Amino acid sequence: MFQSESPDMLSSRRVRPGRTPSPVIRITHWIGAASMLVMIGSGWQIYNASPILPFEFPPWATLGGWLGGGIAWHFAAMWVLMAAGVVYLGYGALSGHFRRDLRPAGPRAVGRDVAQALRFRLSHTAGHYNAVQRLLYTGVLIVALLTVASGLSIWKPVQLGWLTWLFGGYDIARRIHFAMMTLIVAFLVIHIVLALLVPQTLFGMIFGRRPPAASQETVR
Amino acid sequence: MSRARPDRAAIAPELRRIERRLMLKGSLSLGGLSMLSGCALDDEPSVERALAVMSRFTDRMQALLFSRQRLAREFDASQITQPFPFNAYYDEDEVRTVDPARWRLEVGGLVSDRRPWSLAQFRALPQKRQITRHICVEGWSAIGDWSGVPLSIFLHHVGADLRAKYVNFRCFDDYSTSIDMATALHPQTIMALDYGDHALPSAYGAPMKVRIPTKLGYKNPKYLSSIEVTNRFPGGYWEDQGYNWFGGS
Ligand code: HEM
């Protein structure tokens, strides 16, 4: 079902048909996504060495082969993720991208967009985010920051003792790190399903332009 | 030794190591297979190299972050983990012991006095007691109560070159590890002789363990037999298999 975009369908004030995310956002998103997947797989490997819950992750889902390999991957990806994160956050804040495109809309807009989404009538444009997306993206960015911060706090409980203290001490910080990972995985499931449901956005996020056949507005 | 027929005796220690690693894993997993192929981190050599380069970078960043003034938190006696767990690359019934009266610590490398040290000599030096958290690389942690001679005092006594890069530890249970000089001179780095109110029990590394609350457990060697000050990168038992060398907390 295709409809043309109309302002009342969107939670944002400004409508820019055909806009796709800037190259900085796209490149840092994919580097960040790849390093995040490595962080998760290697983190599960590290978790399995000393589980805090009564289960282990299946070995096929883990990265590194053994604890030492998992740690090597986890630290390697950590630097990549932090570098991509600094560029992404810096660019997003300075370019106005966060204020313009990610700032969560009010609860009314969220309610409306959720209702529309449930009826599969939500407008969905690459580079232009509806209220649900804004909420999810802002949320996952905060969660990702907390994941990195809690991870640093259990890695450096002496040198970054103040951070460990902020997270309630080593044992609690370790559980917070795990909980934040779980939230990211939950986000990722929804995020990937949505991207596959609306492949135009995936195309836009990869190539920075709309697919040739779908230069019209996509509405689902 | 020809390439086709490796000398069994020469590779025996390596085989033992691989065996132990497989035992640790409990099964022949992907990790076990990659280790059999002789790789510590990954069986693809380019990935292996990249991970090693990143691990060295992680070492350098940790050295930058390390402050000799920043102290690990100390705890109350009531917070000590009971019982403090045994942990080594082998099981507790394989613990090796020595006669404390005959034990000597070999001293080598960039020091002016290489005479071995007896326990009595260590007992004669100032002792420091601290209740700190031991954090294992696996993720668990436990709070323990060690006391002994600050390593910096010992290094001064033997006339160590304090500008050297590394201090290397060897142990009579065939373990080894090494640390940076900055950590060696940290006020909480001690050569522990006692646990609680008593001499170290054999499970905790009798007669001497190096207790470093600013480093992960595998950087805290037990059953110490020699100490060496050096500028040549010494590695260590786990570090040679791929654990991050700096291993700081
Ligand atoms: C590998 C799987 C992933 C895929 C296929 C994917 C796909 C996408 C797509 C298609 C968009 C654009 C959505 C649109 O234009 O409507 C997007 C945006 C976004 N994704 Fe992902 N993503 C992945 C992983 C991640 C991860 C791991 C995170 C963070 C934890 C993440 C966070 C974000 C954020 C914050 C945005 C908004 C970017 C901005 O414009 O500032 N993504 N993703």
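Labels below follow one simple rule: chain letters A, B, ... track the order of the sequence lines, proteins then strands, and each chain is numbered from 1. None of the values given here were measured: they were computed from a predicted structure.
Neither the backbone nor the side chain of B:R73 comes within less than 4.5 Å of any heavy atom of chain A. For B:V47, the part lying near chain A is the side chain, with the backbone staying farther off; criterion is any non-hydrogen pair under 4.5 Å. Within the 4.5 angstrom heavy-atom criterion, no atom of B:S55 approaches chain A. Only the side chain of A:W79 comes within contact range of chain B, with heavy atoms under 4.5 Å apart. Heavy-atom distances place both the backbone and the side chain of A:W73 under 4.5 Å from chain B.
Cation-pi contact between B:K219 and B:Y243: absent, since separation from the ring centre below 6.0 Å together with deviation from the ring axis within 45° is not met.
Aromatic pair B:W146/B:Y204: centroids not less than 6.0 angstrom apart. Remark: aromatic rings of A:F98 and A:Y137 are distant, center separation not under 6.0 Å. Aromatic ring centres of A:F57 and A:F55 lie closer together than 6.0 Å.
Ion pairing between a basic and an acidic side chain is recognised when a charged N comes within 4.0 Å of a carboxylate O; A:R174 and A:D171 show no such pairing. Ion pairing between B:D194 and B:R129 fails under the 4.0 Å rule for side-chain N and carboxylate O.
Interface summary for chain A: among B:L216, B:I135, B:N244, the most heavy-atom pairs under 4.5 angstrom belong to B:I135. Considering only heavy-atom pairs separated by less than 4.5 Å from chain B, the leading option among A:Y47, A:Y170, A:W165 is A:Y170.
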